[in-house]
Amino acid sequence: MFKELRNKFSKIVIIFGGIFILFTFLGIFSATYISNQKEINYILRNSLKTAVKAENLVPQKESCSFLLIYVDNNGKIERYDNGEVKFDLFKQNSPNSNKELTKWFVEIADNIAQTQFEDKQSFKLNKRYYAYDSIEYFNIQKPDKKCLLFSIYDYTSYVRVNNATFTFLMIGYFVVILLLSFSAITIADKTVEPVKEAFIKQKELIANASHELKTPLTVINTNLSILEDNKDKSIESQSKWLNNIIEQTSRMNNLIYQMLDLSKTESLLASEKKEIIHLNDLLEKLLMEFEANAFEKRIEIQANLEANVQLACNKENMIKLFTILIDNAIKYTNVQGKIDINLSQKKSKIIFCIENTGKGIAKTNIDKIFQRFYKEDESYKADSSHSFGLGLAIAKAIVNQLNGTISAESIENEYTKFIVKIPNKV
C-alpha cells in the first residue's frame, strides 16, 4: 500500500516537474533561436540600407555578399541561353582571378532564383546556410535593365549555435529528469514515511491494547463463570471472585485512560490551554508527594532546582511528564539507592535531568523504551498489576508538543538518566 502511494507521489512529481522543465528549456531555445533570427534580419536590412545610401558602393559589412540579378518587365528573373541566371557583382565582390568564387556566385544566383518565388528567404549550399534579402536597384551601367539587389549572408555559425544549444538542452533535460526522478523518489519516501510510521503505530497500538485487554477480560469471564456456578451461595463467600473482577475492571479502566492520555497528548488539543508555570515550584510540590514512595525503599532524593524557571505550557501535561519520570525513577531504583534531579535554564532552553541508580537499561533496548507498550523489565510484563508501558510514550508525546527533546542514557547495573530539553517561549 505504501509502496503504491510512494510510486504515485513520485510519478506526479516527475510528470509535472518534467513538463515544467521541458517548457523552460524550450523557452530558452526559442529565445536563443528568435534572437539569432532577429540579428540575421538586422544584418541583411542594414546592409541593403547602406548600399542604397552609398549609391552602388558596397557597405561596410564584410560578412555580406551582394548580387545584382536582372529581371524582365514582369519581374521574372532573366537567364542566359545556357540557363544561368543573369547577374552582376559589385567591384569588391569581383572574382576575376578566382574561378571557384565565380562558380560559387553562379550557384548562389541559381539558388536565389529557385527560392525567390517560393517565399523562401534562405537556402543551403555546400553544407552551408545562407539568408538573403533584396530591394529594387538602379544600375548606372545598365540603366535600361531592371534589377534586384540581393544581400546574402552566411549564417552557418548561427545554425551551429542553435544546434549546439538544442543538443545541450536536450542532454541537460534528460540529466535533470534523472536527478528529478531520484529526488522525487527520495522526497516521496520521506513524505510517506510519517504516514507509514503512524499507520504502523496505530496497528501496534490496537494489537498491544488487545493483548493487554485479553488477560483481564479472560479473568473477568472466568470469575463470572464461577459466580454463575455458585449463584446459590452468599455474596460474602463470593467476595474473592468479585474482588478479582473489580481489580481487572480497574486495570482495564487504567489502560483506557492511559491510551486516551496518549492520544490527547499527541493531538493539538493538549496544547490549547497554556499558562506561565514556575517549573521549580511545580517540581518541589511533586517531590513532596513522592516522599512516602521513596521512603519505603530508603531512597535518597537530591534535587538541585534553579529558581524562577518559567515556561508557557499546559500545566496538566507538565504534571504528567514529571510524574511519569519521577515515578519511573523510584520504581526502578534499587533499595537504598539514590536519585539526582536537576532543573536549569541555559540561554533559551530549559533542561531537566533525572538520574537514578539501579539495574539500568541495556544498550540494545535504549531506543525502544519510548515505544508504546514496551517494558524493559520482563517481570513487569508477567505481572498484570504493574504499568502497561505507556508512560514514557506519553512523556515523549508531551515533550514533542513543546518542540523539545527527551533522551535516555544508561549503564547497566549503575545508573539510568533521562534528559529533557525544552525551548523556553517565555
Side-chain angles (χ1 to χ4, degrees), residues 26-71 75-80 82-142 145-171:
L26 286 176
I28 294 171
F29 176 75
S30 299
T32 304
Y33 179 82
I34 292 170
S35 176
N36 289 341
Q37 287 299 116
K38 285 183 177 179
E39 189 170 348
I40 293 168
N41 293 333
Y42 173 79
I43 291 171
L44 289 172
R45 285 197 310 270
N46 219 36
S47 64
L48 289 172
K49 287 179 182 178
T50 309
V52 172
K53 289 180 182 178
E55 296 182 350
N56 285 354
L57 294 178
V58 178
Q60 301 298 316
K61 275 287 180 185
E62 296 180 359
S63 54
C64 291
S65 300
F66 296 87
L67 284 177
L68 284 171
I69 296 181
Y70 295 99
V71 296
K76 186 177 179 181
I77 293 174
E78 295 183 355
R79 295 177 181 270
Y80 294 108
N82 62 0
E84 290 184 359
V85 176
K86 290 183 179 181
F87 69 90
D88 276 337
L89 303 175
F90 282 102
K91 184 177 180 181
Q92 285 84 343
N93 289 140
S94 179
N96 294 332
S97 60
N98 194 329
K99 292 182 180 180
E100 289 295 324
L101 191 58
T102 304
K103 183 180 178 183
W104 179 78
F105 274 110
V106 170
E107 291 177 345
I108 286 285
D110 188 56
N111 274 277
I112 290 175
Q114 290 178 21
T115 60
Q116 183 194 12
F117 301 107
E118 297 176 9
D119 199 25
K120 293 182 180 179
Q121 296 294 316
S122 63
F123 59 89
K124 184 179 179 182
L125 178 64
N126 298 330
K127 297 182 179 180
R128 298 193 70 82
Y129 296 86
Y130 299 93
Y132 66 87
D133 200 358
S134 65
I135 58 171
E136 290 186 2
Y137 198 75
F138 176 73
N139 190 348
I140 298 175
Q141 297 175 351
K142 299 179 181 180
K145 294 285 187 180
K146 292 181 68 174
C147 62
L148 298 173
L149 173 62
F150 283 87
S151 176
I152 305 150
Y153 179 62
D154 183 347
Y155 70 98
T156 306
S157 60
Y158 290 91
V159 174
R160 289 172 180 169
V161 168
N162 288 339
N163 291 340
T165 302
F166 182 79
T167 303
F168 173 78
L169 288 175
M170 284 298 99
I171 293 172

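Keep in mind it's a predicted model, so treat the numbers as computed, not measured.
Side-chain atoms of Ser35 never come within 3.5 Å of backbone atoms of Ala31 as a donor-acceptor pair (strictly under, hydrogens ignored).
Glu78 is linked by a side-chain contact (heavy atoms from CB on, under 4.5 Å) to Tyr70, Asp72, Lys86, Lys145, counting only residues two or more places apart in sequence or in another chain. Evaluation of the side-chain hydrogen bond (donor to acceptor under 3.5 Å, both in side chains) rule for Asn41 yields no partner, not counting sequence neighbours. Remark: Tyr130 pairs with Trp104 by the side-chain hydrogen bond (donor to acceptor under 3.5 Å, both in side chains) rule, at least two apart or across chains. Residues satisfying the side-chain contact (heavy atoms from CB on, under 4.5 Å) criterion with Thr156, sequence neighbours excluded, are Arg128, Tyr129, Asp154, Arg160. Under the side-chain hydrogen bond (donor to acceptor under 3.5 Å, both in side chains) criterion, Asn36 pairs with Asn162, not counting sequence neighbours. Under the side-chain contact (heavy atoms from CB on, under 4.5 Å) criterion, Phe166 pairs with Phe29, Met170, not counting sequence neighbours.
With values rounded to the nearest 0.5 angstrom, Phe168 atom CZ is found 15.0 Å from Asn163 atom CG. A distance of 14.0 Å separates OH of Tyr153 from CG of Asp133, quoted to the nearest 0.5 Å.
Residue Glu39 comes nearest to Tyr158 through the heavy atom pair OE2-OH, 2.9 Å, listed as atom of the first residue, atom of the second, then distance. Considering every non-hydrogen atom in both Tyr132 and Ser122, the closest pair reads CE2-N, 3.9 Å. When all heavy atoms of Ala131 and Ile40 are compared, the closest pair comes out as CB-CG2, 3.9 Å.
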